[in-house]
Amino acid sequence: MIRVLLADDEDLVRVAVGALLGLEPDIEVVAHAADGPTAVTATLAHRPDVAVVDLEMPGLDGIAVAAELTRARPECAVVVLTGHGRPGHLRQALAAGARGFLPKGSPGGALADVIRRVHAGGRYVDPSLAADALTLPACPLTPRELETLRLAEFGAPVAVIARRVHLSTGTVRNHLSAAVQKLGAADRAGAVRTARDNGWL
């Protein structure tokens, strides 16, 4: 039997996926989690072979969970499920150690097949997302622009960012302004969204 953990903050989705997987003769759902930290704790406690995690969860998102499980329990293969996957998310998930990346709108039996594949040591990436990821443009931002934009993501004031990166406030403002302009955004929040969606942050 392939032991599986399911993590999704939407109870209805998690229960429905669990019921579908329960129909498979070689798959057993051994644990459920409604958020990222619980997914990590439950994986360490129940030792599943495969963890199926939602991309967007409270506490830790699916990418952070994949990174943590790859570090703490590398023998557990991670499959990331997403309701609206973007190529940047795919890159981040694979870099974090995920072995599968699958849209929630996939055919019913697809998840079971992906679980079997990653459990056997293989990988699976949704073909359309993979094609999109290959055609993503290169990041137009300099390393300093990316660094300041990353720190600005959670609304840190320019003075705080300047202290963190050991630059003057004027230089930080210039970096943030350049990032906004290069990404064609209206403001910092828009620049952060664009950079996140493309997998640059």
Side-chain angles (χ1 to χ4, degrees), residues 2-22 27-106 110-112 114-119 122-126 129-130 133 146-147 149-156 164 189 192-201:
I2 303 171
R3 294 165 52 82
V4 173
L5 168 131
L6 290 179
D8 195 308
D9 61 323
E10 295 181 46
D11 289 347
L12 187 61
V13 171
R14 194 175 65 250
V15 170
V17 170
L20 281 173
L21 291 177
I27 294 175
E28 178 187 9
V29 177
V30 296
H32 289 258
D35 58 53
T38 304
V40 173
T41 303
T43 298
L44 297 176
H46 295 276
R47 306 178 66 78
D49 302 305
V50 178
V52 177
V53 301
D54 186 25
L55 177 66
E56 295 181 0
M57 292 186 293
L60 296 171
D61 66 12
I63 292 168
V65 170
E68 181 61 24
L69 294 184
T70 298
R71 184 193 64 75
R73 195 157 185 278
E75 63 274 22
C76 177
V78 179
V79 174
V80 175
L81 284 183
T82 177
H84 33 268
R86 295 183 177 94
H89 293 148
L90 169 59
R91 284 184 177 175
Q92 292 169 344
L94 295 178
R99 301 194 61 81
F101 196 87
L102 185 69
K104 286 183 178 178
S106 299
L111 179 57
V114 170
I115 288 170
R116 292 183 186 102
R117 182 182 295 195
V118 300
H119 179 251
R123 292 182 181 273
Y124 178 84
V125 172
D126 177 69
L129 283 175
L146 273 175
E147 183 180 22
L149 191 60
R150 187 174 291 115
L151 292 171
E153 178 176 9
F154 301 106
R164 292 277 303 273
V192 167
R193 275 194 305 276
T194 298
R196 276 257 170 248
D197 289 350
N198 283 285
W200 299 327
L201 280 183

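The structure presented is a predicted model; accordingly, all values stated were derived computationally and were not measured.
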Test Leu21 against Ile115 for side chain to side chain contact (heavy atoms under 4.5 Å, CB included), laying out the working first.
-> CA-CA 10 Å; Leu21 291 177; Ile115 288 170; 3.8 Å; yes
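- Using a 4.5 Å heavy-atom threshold, the side chains of Glu147 and Arg164 count as separate.
- Here the side chain of Ser106 pairs no donor or acceptor atom with the backbone of Leu111 at under 3.5 angstrom.
- For the pair Asp126 and Thr82, the minimum side-chain heavy-atom distance is 4.5 Å or more.
- Closest of all the heavy-atom pairs between Asp61 and Ala64 is OD1-N, 2.8 Å.
- From Asp35, atom CG reaches atom CG of Leu60 across 8.0 Å, with rounding to the nearest 0.5 Å.
- Once rounded to the nearest 0.5 Å, the distance linking CG of Leu5 with OG1 of Thr41 reads 10.5 Å.
- Nearest heavy atoms, Val118 versus Tyr124: CG1-N, 4.5 Å.
- A salt bridge links Arg71 and Glu68; the closest N-O separation between the charged side-chain nitrogens and carboxylate oxygens is under 4.0 Å.
- In this structure, CD1 on Ile27 lies 4.5 Å from CZ on Arg116, to the nearest 0.5 angstrom.
- The two residues Val78 and Ala66 have their closest heavy-atom pair at CG1-CB, 3.9 Å.
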Do any side-chain atoms of residues 42-53 form donor-acceptor pairs under 3.5 angstrom with protein atoms, and if so which ones, sequence neighbours left out?
unit_1, atom_1, unit_2, atom_2, d
Thr43, OG1, Ala39, O, 2.7
Asp49, OD2, Arg3, N, 2.7

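- Taking both residues in full, the closest heavy atoms of Val80 and Ala98 are given as CG2-CB, 3.9 Å, listed atom of the first, atom of the second, then distance.
- Atom-to-atom distance recorded for Lys104:NZ and Asp8:CG is 4.0 Å, nearest 0.5 angstrom.
- In this structure, the separation between CD1 on Ile63 and CD on Glu56 is 9.5 Å, given to the nearest 0.5 Å.
- Between Arg150 atom CZ and Arg196 atom CZ the span is 7.0 Å, to the nearest 0.5 Å.
- Panel note: side chain Arg99, backbone Gly122; a donor-acceptor pair is recorded below 3.5 Å.
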